[in-house]
J.: 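This is the structure, below, for whatever I ask next.
If you read the sequence from its start, that first residue is 1, and numbering goes on from there. In this text the structure is predicted, and so the values were computed from the model without any measurement. Both counts, for ligands and for their atoms, begin at 1 and track the order of listing.
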Amino acid sequence: MKATAIAPSNIAFIKYWGVKDEILRLPKNGSISMNLSNLLTTTTVEFNKNFLNDYVIIDGNKEKKESEKVIKHLNRIKNLAGIKTKAKVVSENNFPTSTGLSSSASGFAALTVAGAKAAGLNLSEKELSILARQGSGSACRSIPDGFVEWLDGDTNETSYAVSLYPPEYWNIVDVVALVSTNKKEVSSSEGHTLATTSAFFDTRLDLNKTKMKQIKKYIKERKFTAFGELLEAEALELHAIYITSHPSLIYMLPESLRLLHMVKKWRKEGIEVYYTVNTGQDVHLICEKKNAKLVASVASKVEGVQKTIVNNPSQGTRLVNKHLF
Ligand code: PMV
């Protein structure tokens with residue numbers, strides 16, 4: 001009745017933004033991502049008849065808002081397993097949470113896999129992905145290995161993620177540049193519901209299918225330049241939706257923008273690197289592995305950058321034997 005899972009966060013190259021169904025978290029469009037080897041959540045779940053309440057500790061804290069989301073997800077797992085037993089959940093991230101590094105993706109993926117196992121469920125990868133999606137949309141992409149597509153289904157059963165290629169398929173790297181550990185003010189869950197208030201949202205949706213095809217082709221053929229140009233354009237397009245929403249969302253800080261300017265400069269100087277940014281201030285610098293050290297080194301010298309974290313493509317969520325309690 002006790003299980004532990006380790007889950008990677010993931011970075012989307014074609015992003016999920018906007019929901020068809022808020023409760024089920026069915027996205028308005030398909031997305032493509034890569035799992036990240038060094039942004040990890042470890043979670044232990046124990047169901048025990050002696051527990052009087054569900055008990056949640058994340059990074060040593062018992063923060064109410066986060067605990068409520070976890071308990072809601074535990075209830076989904078309990079419903080599937082047909083149990084009412086209370087659980088203890090202890091979760092640890094090896095990186096700052098709620099700054100745009102997708103801790104909800106790794107968090108809900110780890111909780112899903114550890115929780116399902118501890119509840120005695122024997123779920124397939126597809127079923128785990130469907131369940132994780134209901135906790136946090138992007139979490140469904142942290143379940144399968146490597147390079148991942150979240151299929152654009154219209155129902156609970158058809159909206160899940162699949163692995164396109166294993167992690168070793170392509171030697172690209174995501175150097176994350178942390179510019180601040182302040183938490184973002186508007187969560188992505190709230191942001192998704194604002195997406196349709198942007199006058200440009202329908203245009204973004206119209207372009208999605210073509211972009212999905214293109215990015216898959218570039219990954220398949222390992223065409224780094226075309227891939228990088230497309231993922232960067234996609235990130236900027238997403239920010240155009242943020243800033244034209246009502247109320248507007250401005251996630252980037254001056255330090256984030258400084259990095260975006262620097263990336264252009266580095267490319268002119270011959271370092272091939274592209275950026276993408278999510279709902280937060282931290283910037284993901286995407287390059288080939290041969291340039292990873294150089295990119296981390298130049299990025300760490302930019303004013304305002306507190307830390308860099310180098311991520312290789314990674315396997316998805318897995319069970320481990322070492323428990324946190
Ligand atoms: O899964 P959520 O609700 O945290 O949304 C993720 C949204 C983006 O990170 C901006 C895009 C994505 O596809 O990961």
J.: Please tell me whether Y16 and W150 form a close aromatic pair, meaning their ring centres lie under 6.0 Å apart.
T.: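 Ring-ring flag for Y16/W150: true, centres closer than 6.0 Å.
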J.: Do H284 and T276 pair up side chain to side chain, a donor and an acceptor below 3.5 Å, judged on atom types alone?
T.: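 Distance-only check fails for H284 and T276.
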J.: Show your working on side chain to side chain contact (heavy atoms under 4.5 Å, CB included) between Y274 and E229 and close with a plain yes or no.
T.: CA-CA 7 Å; Y274 299 89; E229 283 172 1; 3.9 Å; yes
J.: Please verify whether a non-hydrogen atom of A105 lies at under 4.0 Å from ligand 1.
T.: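 Distance cut 4.0 Å: A105 fails for ligand 1.
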J.: Does an N or O from N10, backbone or side chain, lie closer than 3.5 Å to an N or O of ligand 1?
T.: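 Checking ligand 1 against N10, no N or O pair falls under 3.5 Å apart.
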J.: Under 3.5 Å between some N or O of ligand 1 and some N or O of T279?
T.: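 No, there is no polar N/O contact under 3.5 Å.
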J.: Is there any N or O on R141 that sits under 3.5 Å from an N or O of ligand 1?
T.: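 Yes, there is a polar N/O contact under 3.5 Å.
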J.: Going by distance only, is there an N or O of S31 that falls short of 3.5 Å from an N or O of ligand 1?
T.: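 S31 vs ligand 1: no N/O contact under 3.5 Å.
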J.: Can you find a non-hydrogen atom of Y242 under 4.0 Å from ligand 1?
T.: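 Contact present.
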J.: Does Y16 reach ligand 1 with a nitrogen or oxygen that is under 3.5 Å from one of the ligand's nitrogen or oxygen atoms?
T.: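 N/O-N/O distance below 3.5 Å exists for this pair.
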J.: Looking at side-chain heavy atoms only, is the closest gap between L26 and T155 below 4.5 Å?
T.: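 Side chain of L26 against side chain of T155, heavy atoms only: no contact under 4.5 Å found.
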J.: Mind checking whether H192 and W17 have parallel, tilted or perpendicular rings, split at 30° and 60°?
T.: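 Ring orientation, 0 to 90° scale: tilted.
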J.: Is the F227 ring parallel, tilted or perpendicular to the F224 ring (thresholds 30°, 60°)?
T.: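 Ring orientation, 0 to 90° scale: tilted.
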J.: Considering only NZ, NE, NH1 and NH2 on the basic side and carboxylate oxygens on the acidic side, decide whether D54 and K78 come within less than 4.0 Å.
T.: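 Looking at K78 together with D54, the answer is yes, because their closest N to O distance falls below 4.0 Å.
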J.: Only heavy atoms of G137, strictly under 4.0 Å: list the atoms of ligand 1 that pass.
T.: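 Per the distance check, 1 (O).
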J.: Which of the atoms of ligand 1 are close to S104, meaning less than 4.0 Å from one of its heavy atoms?
T.: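 Answer, ordered by atom number: 4 (O).
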J.: Between A12 and ligand 1, which residue portion shows a heavy-atom distance shorter than 4.0 Å: side chain, backbone, both, or neither?
T.: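 It is the side chain that touches ligand 1; the backbone stays farther off.
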J.: Can a non-hydrogen atom of R25 be found less than 4.0 Å from any atom of ligand 1?
T.: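 No; R25 lies far enough from ligand 1 that no heavy-atom distance drops under 4.0 Å.
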J.: Salt bridge between R267 and E232, side-chain N to carboxylate O under 4.0 Å?
T.: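 A salt bridge links R267 with E232.
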J.: Does S136 come within less than 4.0 angstrom of ligand 1, counting non-hydrogen atoms of the residue?
T.: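 Within the 4.0 Å threshold, so yes.
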